[in-house]
Every structure is written in C-alpha cells, then in structure tokens.
2 protein chains.
Amino acid sequence: MSEIERGRGVALWSQISGILASDILKGQLRQGEQLPSAQELAMRFNVNRHTVRRAIAALEQRNLVRTEQGRGTFVQEQTLDYVISRRTRFTQNMRNLNVDADIRVLEEAHELPPPPVARALGLDRNEYVYRVETLDRADGHIIDYSTSYFPAARFPDLPALYRRLLSVTRTLAEFGVADYERKHTRVSARLPDATTARVMQQQTSRPLLYVESINADTRGVPVQYGITRFSGDWVQLVLMADH
Amino acid sequence: MSEIERGRGVALWSQISGILASDILKGQLRQGEQLPSAQELAMRFNVNRHTVRRAIAALEQRNLVRTEQGRGTFVQEQTLDYVISRRTRFTQNMRNLNVDADIRVLEEAHELPPPPVARALGLDRNEYVYRVETLDRADGHIIDYSTSYFPAARFPDLPALYRRLLSVTRTLAEFGVADYERKHTRVSARLPDATTARVMQQQTSRPLLYVESINADTRGVPVQYGITRFSGDWVQLVLMADH
DNA sequence: TAGTATTTGTCCGTATGTATT
DNA sequence: TAATACATACGGACAAATACT
C-alpha cells in the first residue's frame, strides 16, 4: 500500500486523492464499488477525517467518485451515453457528449469481402470493398474500436477522403450520399479476443458491447457495414426511438 | 477428459456427440470456436475418422455446430435475436422466436424502492413498490434474469396476478393499462456479480447484456422499471425503429 | 412502525506552515 | 524582521440520510 509523506510540500489531502484516483483509474477500485468510509480511510492514512473529506471532495470534482449521504462514497460509473437511433452519427454523438473526441485510422485495405460482409452490403463475393479500422477516443479513454466496410466500386478512393475528413457522414456526402440511416443494428456482449484487447488496451476479461450495423442510403441501398466494439466499462448505449 | 466405452449399448458416435455437446453447452467450447479436426478427434477418442464424422453430423443436426468445407467445424453461434423496440413484449418476442419459453418467478417483495428506482418511476421514497424477479428460459437455456419494479399503490396485489398470468402485458391490462411503451432503454456490457452468476448458472467470467428500461403508459406515466440481464452468450439484441 | 448504528454533511474553533507585503 | 493573509490540518459536536433489525 502506498504511504503518504508529511512536510514534503504536497498537501496530505492531495496525496490521498492521488492514491485513490490511481486506484480507480487502474481499475483496482471498480465502477460502482464502495470506498472505505471516511473514518476508515482516516485511520489507514493516519490523518483526520476532514483531511480525507478534502481528498474525496477533489475526486468528486473530477467526477471519479460520487458520495451519497448516509450510504457512502462510490466509484462513479463513467458511462458515456452513446445514443443509438436510426440516424446515429458518431461525430455528432461525440459533439453532443461534449468530450474532446480523437479519431485515429489504424488500417485501410482494399480487399474482397468475407461472405457475411458481402451479404450485408448486398455485394457479390468478387466485388471489392474498402475496410477501414478506426480507434475512437473521448477524453483520452478508448471508447471504441470499429471496422467499417464500404462498397469500393461506388466510393472510389474512399479511405483517402475519410482519413482527411474523419467523419463517415461527411465522407459519404462527398460522394453524393446526402443522408443515410441505420437499417439494422445488432447488439451483443462479448469478451475481446487477444488482438482486440491489445488494440483497445484493455484486459481480455473486461466485456465489450459488440454492435453490428448496416447503414443504407435513402433508397435503402447499403452504403456501410460496420462492427463497433465499445468498451463495456466506459460506454452505455442509449436507445432512442426517433420521430 | 471424459472417456468413451465400447460395447455398452451406446453407439460410439452417440457418446462422442454427447461429450462434445456438453462441452459446448457448458461453455467450455465457446461460440464460434473451431473444433479440433476430425482427424485429431479420432485420435483423441481412439476411433475411426468416420465415427467422429457421424458424431459431428449429429451435432450439426442439433444446430450446435456448423461445418465449413475446407475450413473446419465451428461451434454454432446460438444467438437468440431479442427484438427491442418501443413496444417490446417479452412473451411476444419468445413466441416470434418459436422457442418454448419458460418463465419462473424467483422472488416477490413489497418494499421501499432504492433511490434510483424511485426516481425512475417518479415516486416518493416512502411510496412502496413491488419487486418481481424472474428467470426466463428458452429451449432450456437461461435467456435472462430480470428484476422489475411496479408502483404498489397503483397496482395492488400485482405479484399474485403476475404469477398467474406470467406476462407483464396481460397483468397490466388487468389493471386497465391497455398499452404501454418503452420510454427509455440503456444497454451496457457487464460481468455478473456472484449472485447473478449463481442465479443464471453461468460463470462470472461470461459477460451479460445489462438492459435498463422504463415502460410508461400512454399518458407517459411510468408503470414499470426493470433491469434485464441477458446472457451474452445466447442473446443478441436487435434494434428496430418502429413506425 | 420504531430504534440503533453507520456514514456523510455542516458548523464551530484552534494551531501551524507558507507566501506576500 | 514583522505583519498579514491564506491554505492546511486537526478536533469535536451535531444534523441528515440510510441500513438493519
């Protein structure tokens, strides 16, 4: 266990706050879990209850914990509410969430689609697709790792454009697809395989929300088939019926 | 590892088939996972390759595995597509899926709601609710473990009725709630806690789809708040926009 | 329904260390 | 050096909400 040092220029409450914060961020204190009472922490760190309270107040400020009078202090569930509706737009979603999003393209490929992908996009097995893999972050946390397939014939040289615009909506708009909507969405809970866990920098024991979706243009022709693996620890899907 | 016995009146292929089936159903062979090749299995069980093929054919018949020529044999993904829309009805869903559903009431209680539940139902903290816990099976598999809360004042003696009708729709209908719809749905991926894992008879390492929802009557007044824990291995949510 | 223990929230005051003027 | 202001740390008392019996 980490110890605190007096008279070293760092306030005790700040040291305690740091220790608890790191426990939370490293996942040693899990989401929703109750922290020891202020009294207990005071004994453990050999300080006054008020000092512990000061430390906890700082954590509350950072939205890492939530205190409930009479109950205790709990590790705040860091759920990023990702809204899924017929007209879901990732970039728009992130903007609404008021977080600073960071989209990174991991890989691009021009290839023949695996059978399920060909089926989803309504393509023949010998019609090429572009595959684009991206890693999306919000506030520094990895939110999702996504694999998208686009019909190559209809959207020539799409990856270059996407890499520049970093938005599916705007990329498709450049090709004249002014609007598209979710035709199909499947959600399941899975554990990541070794590769996915590595890419997402998370343990293989932490679950993912595995979302499979098809976007189609206004005439119902599929323009994108994608698999998005959301971090189960950070993301919660909110389903909206839209009208 | 289980061994097979010759000359005991049970055909070798049937024994092998049984062993593999139990491995799959117990989750030791995971969904989508590739089985050892027929050759390897033949060596392991000390039988001819044809006997193994006969065993695998039986599994394919039961839709537990799928063989792909030139690739191998894989554990069939047993995804039960659970449709979520604004007007989701569990019983109706099961009927559509054409499986034989089995609903069991595990527990009923008349109690004061935890704060989040009170908030969700728009109740005061001193207004009682009924809590009903059910375990739902389809084709013998545990599909979900669900906890529902209903305002007790509005629906006196609801659990008795529910226990008899085993359908939220019909139970609410008895109270004059002819129609209700999903006001809110949140989906996340979680690992089960010890209690949940025990109830659902699954390992704590297998993820759950954790669905939180509020149903409201036609005037928008909440009539049910529920948490449904779907087995991630067996259930896939299909989101539908309804018009 | 009532009573008790636990936990957080708020208020009082006191002492000490640190930075500024 | 002295005076001042401010943040830190501690101690105690009580209120409010909650949990449990």
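Only this structure's heavy atoms are used, side chains among them; waters, hydrogens and symmetry mates stay out. Everything numeric here is computed off the predicted structure, so don't read it as measured data. Lettering follows sequence order; numbering is per chain, from 1.
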Side chain to side chain donor-acceptor pair (under 3.5 Å) involving Thr171(A) - partner list, sequence neighbours excluded:
none

For the pair made of CD in Gln39(A) and P in dG9(C), what is the distance, rounded to whole Å?
14 Å

Any donor-acceptor pair under 3.5 Å linking the side-chain atoms of Ser231(B) with those of Tyr145(B)?
no

Compare all side-chain heavy atoms of Tyr128(B) with those of Leu123(B) and state whether any distance is below 4.5 angstrom.
no

Just to be sure I understand the geometry, which residues of residues 52-67 of chain A put a non-hydrogen atom under 4.0 Å away from DNA chain C?
Arg53(A), Thr67(A)

Do Val187(A) and Leu209(A) come close enough that some side-chain heavy atom pair is under 4.5 Å?
yes

Spacing between Gln34(A) atom CD and dT7(C) atom P, to the nearest angstrom
8 Å

What residues, two or more places apart in sequence or in another chain, satisfy side chain to side chain donor-acceptor pair (under 3.5 Å) together with Gln34(A)?
none

Phe74(B): what forms a ring pair (Phe, Tyr, Trp, His ring centres under 6.0 Å) with it, not counting sequence neighbours?
none

Arg186(A) side chain reached by Asp81(B) side chain, heavy atoms, under 4.5 Å
yes

By ring pair (Phe, Tyr, Trp, His ring centres under 6.0 Å), Phe230(A) pairs with (sequence neighbours left out) Tyr82(A)

Tell me, for nucleotides 10-21 of chain D in 5' to 3' order, what letter each nucleotide earns: B for a base near a protein heavy atom under 4.0 Å, S for only sugar-phosphate near one, - for neither?
SBBB--BBSS--

note: Trp13(A), atom CH2; dC6(D), atom C1'; distance rounded to Å ~ 14 Å

